[in-house]
A.B. asks: 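Mind having a look at this structure? Questions to follow.
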Amino acid sequence: MSRRNPEVERLEHQVDMLRRQLAERTRDPGDLPVSGCGDNSCEVRTPSGGMVTNGGCCCDEREVRRALRYFKRLSLFRQETIRELVAEAEMLRMQIVGMGLEPMAKAEDSRG
């Protein structure tokens with residue numbers, strides 16, 4: 001059995017790390033600063049289960065604005081994070097191409 005190139009293993013480790021970071025940063029935020037009204041049609045937050053009402057959202061404008069600011073910041077953060085991860089992935093891809101390892105990486109991607 002032949003040994004793998006340590007540089008390839010290092011690059012694969014970095015790619016795996018990028019994938020984990022991207023998955024982590026695109027998860028549901030979960031810690032919205034407002035609780036919402038608990039109504040079935042709440043504009044701020046979906047009900048967490050249990051019995052809910054159907055009368056319409058009862059959140060006041062202040063809660064809705066706080067939620068909007070939160071999601072705006074979250075969206076901007078995720079956009080920047082994705083840009084950074086894509087740039088780093090492109091840099092790693094260029095390193096792989098520069099080392100002449102691209103066919104090997106493509107073969108491993110098709111297996112996995």
Side-chain angles (χ1 to χ4, degrees):
M1 182 186 281
S2 64
R3 292 185 66 188
R4 295 188 61 184
N5 185 330
E7 188 65 19
V8 171
E9 289 180 5
R10 183 185 69 79
L11 292 172
E12 286 175 345
H13 175 71
Q14 287 181 335
V15 168
D16 288 340
M17 182 182 66
L18 286 171
R19 286 184 179 143
R20 281 192 306 275
Q21 286 178 353
L22 183 59
E24 181 180 316
R25 290 180 178 168
T26 56
R27 282 190 308 196
D28 183 15
D31 56 351
L32 185 63
V34 293
S35 60
C37 62
D39 189 82
N40 197 32
S41 58
C42 181
E43 298 290 334
V44 173
R45 180 173 227 152
T46 56
S48 59
M51 190 171 258
V52 294
T53 62
N54 290 323
C57 184
C58 301
C59 292
D60 61 1
E61 187 175 339
R62 185 174 157 207
E63 276 192 77
V64 174
R65 286 180 186 272
R66 284 179 62 201
L68 181 62
R69 280 193 302 270
Y70 171 77
F71 284 116
K72 181 180 176 183
R73 285 192 312 267
L74 180 66
S75 174
L76 293 172
F77 170 75
R78 287 184 176 171
Q79 286 175 2
E80 184 59 33
T81 300
I82 289 170
R83 265 188 238 123
E84 290 171 4
L85 292 173
V86 166
E88 193 168 337
E90 181 63 20
M91 184 183 71
L92 290 171
R93 189 187 74 75
M94 293 305 290
Q95 288 178 4
I96 290 171
V97 170
M99 292 171 51
L101 301 172
E102 187 178 27
M104 189 183 312
K106 283 183 181 178
E108 288 180 7
D109 281 345
S110 66
R111 283 188 264 149

A.B. asks: Within a radius of less than 6.0 Å around CD of Glu61, do more than 12 heavy atoms belonging to other residues, nucleotides or ligands occur?
C.D. replies: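 Open.
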A.B. asks: Is it the case that one hydrophobic cluster holds both Leu74 and Val64, taking links as side-chain heavy atoms less than 4.5 Å apart, direct or via other members?
C.D. replies: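 In one cluster with Leu74: Val64, yes.
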A.B. asks: Count the heavy atoms of every other residue, nucleotide or ligand shown that sit under 6.0 Å from CZ of Arg65, and state whether that count exceeds 12.
C.D. replies: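 Count not over threshold, so no.
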A.B. asks: Does a side-chain N-to-carboxylate-O contact under 4.0 Å join Glu63 and Arg66?
C.D. replies: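 The answer is no: the pair does not qualify as a salt bridge.
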A.B. asks: Working to the nearest 0.5 Å, report the span between CD of Glu84 and CD of Gln79.
C.D. replies: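 Atom-to-atom, Glu84:CD and Gln79:CD are 12.0 Å apart.
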A.B. asks: Answer with yes or no whether the hydrophobic clustering places Val86 together with Leu92; edges join I, L, V, M, F, W, Y residues whose side-chain heavy atoms lie under 4.5 Å apart.
C.D. replies: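 Linked, Val86 and Leu92 end up in one cluster.
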A.B. asks: With rounding to the nearest 0.5 Å, note down the distance linking CD in Gln95 to CG in Leu11.
C.D. replies: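 Taking CD in Gln95 and CG in Leu11, the distance rounds to 5.5 Å.
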A.B. asks: Is it the case that more than 12 heavy atoms not belonging to Arg62 sit under 6.0 Å from its CZ atom?
C.D. replies: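 Result for CZ/Arg62: open.
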A.B. asks: In this structure, would Met91 and Leu85 fall into the same cluster of hydrophobic residues linked by side-chain contacts under 4.5 Å?
C.D. replies: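 Met91 and Leu85: separate clusters.
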A.B. asks: Test Met17 against Glu12 for side chain to side chain contact (heavy atoms under 4.5 Å, CB included), laying out the working first.
C.D. replies: CA-CA 9 Å; Met17 182 182 66; Glu12 286 175 345; over 6 Å; no
A.B. asks: In the structure I gave you, are the side-chain heavy atoms of Leu68 and Lys72 within less than 4.5 Å of one another anywhere?
C.D. replies: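 Heavy-atom side-chain distance check fails, nothing below 4.5 Å.
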A.B. asks: Would you kindly confirm whether Val44 and Phe71 end up in one hydrophobic cluster when ILVMFWY residues are joined by side chain heavy atoms under 4.5 Å apart?
C.D. replies: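 Yes, it is one cluster - the side chains of Val44 and Phe71 are joined through contacts under 4.5 Å.
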A.B. asks: Looking only at heavy atoms, which two atoms of Cys59 and Cys42 are closest? And how far apart?
C.D. replies: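 Here Cys59 and Cys42 meet closest at SG-SG, 3.6 Å.
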A.B. asks: For the residue pair Glu43 and Cys57, what are the closest heavy atoms and their distance?
C.D. replies: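 That closest heavy-atom pairing would be N-SG, 3.3 Å.
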